[in-house]
Chemist: 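The structure is given below, and queries will be raised subsequently.
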Amino acid sequence: MMTAPERGELEGLKPMKIWERQEEVNLRTSWNTWRKGLGDAPRRGVSVGVSFAFWGLLVMPALWPAHWLAGPHQWLPGPREWVLPALVLALLLHGILVCLRQRGLQPLVPPALMLWSAGLWTLVLSLSAASGSATALGLGTQACWPVLIWLGWWMAGDVTAVTMAARAIGIGSLAIGSIALSQVYGIEVWPRSDSFPDRIVSVFSNPNHLGSFSAFVLPLASVAYLRVASGWRWLLCAVVYAALLLAGSRGAWVGAVGALVPMSVGIGLCLSGQMRTRILRRGGLLLCTWLVTTLALLNTPVLQSSEGELSVADRLQQTGDVLVAEKRSGDDTLQHRLLLWVAASSMIRQSPAFGVGPGGFESAYQQLRPTLQQRAEFQRLSPGQQSDRPRFAHNEPLHVAAETGGLGLIALAGCVFVPLFFGVRGALRGPDLLWCQGGIAAVATVLIHGLVSYPLHMPMTAYPLFLVLGILLRTPSSAHLFTIFKKTVDS
């Protein structure tokens, strides 16, 4: 319950300032909200479940039986991939029960455009699974995506519920970045379950997963600090940025920069007056922090290649070398990506409507292997890459089209771009809603990285990504926003 001075101050704010002031109130009351738990509101109960599910995904590999993380089982999907569908199913059932308790038989219905997109995606998944070589894991993972959007949309009806989940994910991100920094100095504070002894992976099984997650969180952490400056938010921005550099993922770097720069320009142009001055000052501090972090980690080794040990500086240089034709031909990673894209294109030509089935990319690739072995890209690969059993095309549009066909790509595009449309509309109507710009930038980071990787199939990235899409889907208009917080004040 807010005090009288807080209530008076909140009532005196302009509609677009209310959300920012409410965040400061939430910071002081969040611990009491956590302590009260499920008793406050149904949405906050779902938020608690979402938070614990995120932490469950984070610690799952450490709890997984050791014999499943080594030896002949290394090629199998990781424990997070197996557990994600189960956790989302539990959240769905929990949400339905809470919904029925709150509203009886009246459902919580998102906008019609989202319903059409989710319905088309569900139909395409069913048809693709029936006509192709689908796997239970692939089908379950892709079925999770619209469910997470719905949960995010529902939670967004209560500011405190969103704040609770965001706080949990922020603490988890700080832990992930800290573990990555500890591995730089050889301090193993977390059991490793990866096949990359020369890389920094933090809690993940692959350094690309660390890069993808860090790139996604960085815009959200930055906006959190720009909105309400605090020491732990500044530390979160610094640690997440350091983890992004240490991951050595070029695609994640490009995605983060490609989203942060437009976000920064947009925020700078849209704001005015004292708020603009305050935001620019905080943004300048973040830039200085990232510059110092980059200089401190520039010579830190992050990869062992045929050319020897590569540092952060070397990987940054290799990012630019992709634009040089002579360098591209000698880049094993890029040649491997090109081969996977050729394989995905062949699958699309074979099954243009419904694809090879959710999770069927691996088996379809094995069938195409004799043909792929004749290509120049295959001959340039290392022996380990030639014997690889890839499960993803390292390009999300191609991968989705290969597994679910052109209809699946259209349906998934609707599930992603409809919430983005609502988010962009809200950002244009209320430029002071910095959380909205941060969410858009985070989604843009994943979309850019998804052109060279598979972030939608990385549980620790996909899980918060689709929740953020659901939150963007419920971006309120200025009048609705004022109404929401007027009710909060009156209560």
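We count residues from 1, following the sequence as given. Bear in mind the structure is a predicted one, so any value in this text is a computation, not a measurement.
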Chemist: Mind checking side chain to side chain donor-acceptor pair (under 3.5 Å) for Arg315 and listing every partner two or more places apart, or none if nothing turns up?
Modeler: Gln318
Chemist: Got a sec, which residues hit side-chain contact (heavy atoms from CB on, under 4.5 Å) with Ala247, two or more places apart in sequence or on another chain?
Modeler: Leu210
Chemist: According to the ring-ring contact (aromatic ring centres under 6.0 Å, His included) rule, which pairs have a member within residues 122-146, sequence neighbours left out?
Modeler: Trp121-Trp145, Trp145-His457, Trp145-Phe466
Chemist: Show me the side-chain donor-acceptor pairs of residues 168-182 shorter than 3.5 Å, one per line, residues at least two apart or across chains.
Modeler:
from	atom 1	to	atom 2	distance (Å)
Ser173	OG	Ile169	O	2.8
Ser178	OG	Leu174	O	2.7
Ser182	OG	Ile179	O	2.6
Ser182	OG	Ile187	O	3.2

Chemist: Indicate whether any N or O donor in one side chain lies under 3.5 Å from an N or O acceptor in the other, for Arg349 and Ser346.
Modeler: yes
Chemist: Test your reading of the model: is there a side-chain donor-acceptor pair from Arg80 to the backbone of Pro459, 3.5 Å cut-off?
Modeler: no
Chemist: Quick one: which residue pairs count as a salt bridge (Lys or Arg N to Asp or Glu O under 4.0 Å) with a foot in residues 435-444, not counting sequence neighbours?
Modeler: none
Chemist: What residues form a side-chain contact (heavy atoms from CB on, under 4.5 Å) with Val184, not counting sequence neighbours?
Modeler: Ile200, Leu246, Thr300
Chemist: For Phe421, look at atom CZ and say whether over 12 heavy atoms of other residues, nucleotides or ligands are found less than 6.0 Å away.
Modeler: no
Chemist: Between Leu91 and Val46, is there a side-chain heavy-atom distance shorter than 4.5 Å?
Modeler: no
Chemist: Output yes when a side-chain donor or acceptor of Asp158 lies under 3.5 Å from a complementary backbone atom of Met155, and no otherwise.
Modeler: no
Chemist: By side-chain contact (heavy atoms from CB on, under 4.5 Å), which residues pair with Pro262, not counting sequence neighbours?
Modeler: none
Chemist: Can a donor-acceptor pair be found, under 3.5 Å and without considering hydrogens, that links the side chain of Ser351 to the backbone of Ile348?
Modeler: no
Chemist: What pairs meet the salt bridge (Lys or Arg N to Asp or Glu O under 4.0 Å) rule with one or both residues in residues 110-133, with sequence neighbours excluded?
Modeler: none
Chemist: For residues Thr404 and Ser128, is any side-chain donor paired with an opposing acceptor at under 3.5 Å?
Modeler: no
Chemist: Set out, in order, the CA-CA distance, both residues' side-chain angles and the distance that settles side chain to side chain contact (heavy atoms under 4.5 Å, CB included) for Asn208 and Ser249, then state yes or no.
Modeler: CA-CA 6 Å; Asn208 286 330; Ser249 173; 3.5 Å; yes
Chemist: Would you confirm whether Gln304, through its side chain, and Leu310, through its main-chain N or O, come within 3.5 Å as a donor-acceptor pair?
Modeler: no
Chemist: Determine whether a donor-acceptor pair (N or O, by modelled atom type, separation under 3.5 Å) exists between the side chain of Ser47 and the backbone of Ala161.
Modeler: yes
Chemist: Do Gln183 side-chain atoms and Val201 backbone N/O form a donor-acceptor pair below 3.5 Å?
Modeler: yes
Chemist: Would you call Glu403 and Arg391 a salt bridge, taking side-chain N to carboxylate O under 4.0 Å as the test?
Modeler: no
Chemist: Under the side-chain contact (heavy atoms from CB on, under 4.5 Å) rule, collect the residues that match up with Pro397, sequence neighbours excluded.
Modeler: Asn395, Leu409, Leu451
Chemist: Considering only residues two or more places apart or on different chains, which pairs with a residue in residues 335-365 satisfy ring-ring contact (aromatic ring centres under 6.0 Å, His included)?
Modeler: Phe361-His399
Chemist: Once side chain to side chain donor-acceptor pair (under 3.5 Å) is applied, do any residues pair with Thr135, and if so which ones, sequence neighbours excluded?
Modeler: none
Chemist: Please confirm whether His449 and Phe213 have ring centers closer than 6.0 angstrom.
Modeler: no
Chemist: Please name all residues satisfying ring pair (Phe, Tyr, Trp, His ring centres under 6.0 Å) with Tyr241, sequence neighbours left out, ordered by chain then number.
Modeler: Trp290
Chemist: Is there a donor-acceptor pair under 3.5 Å between the side chain of Ser222 and the backbone N or O of Leu218?
Modeler: yes
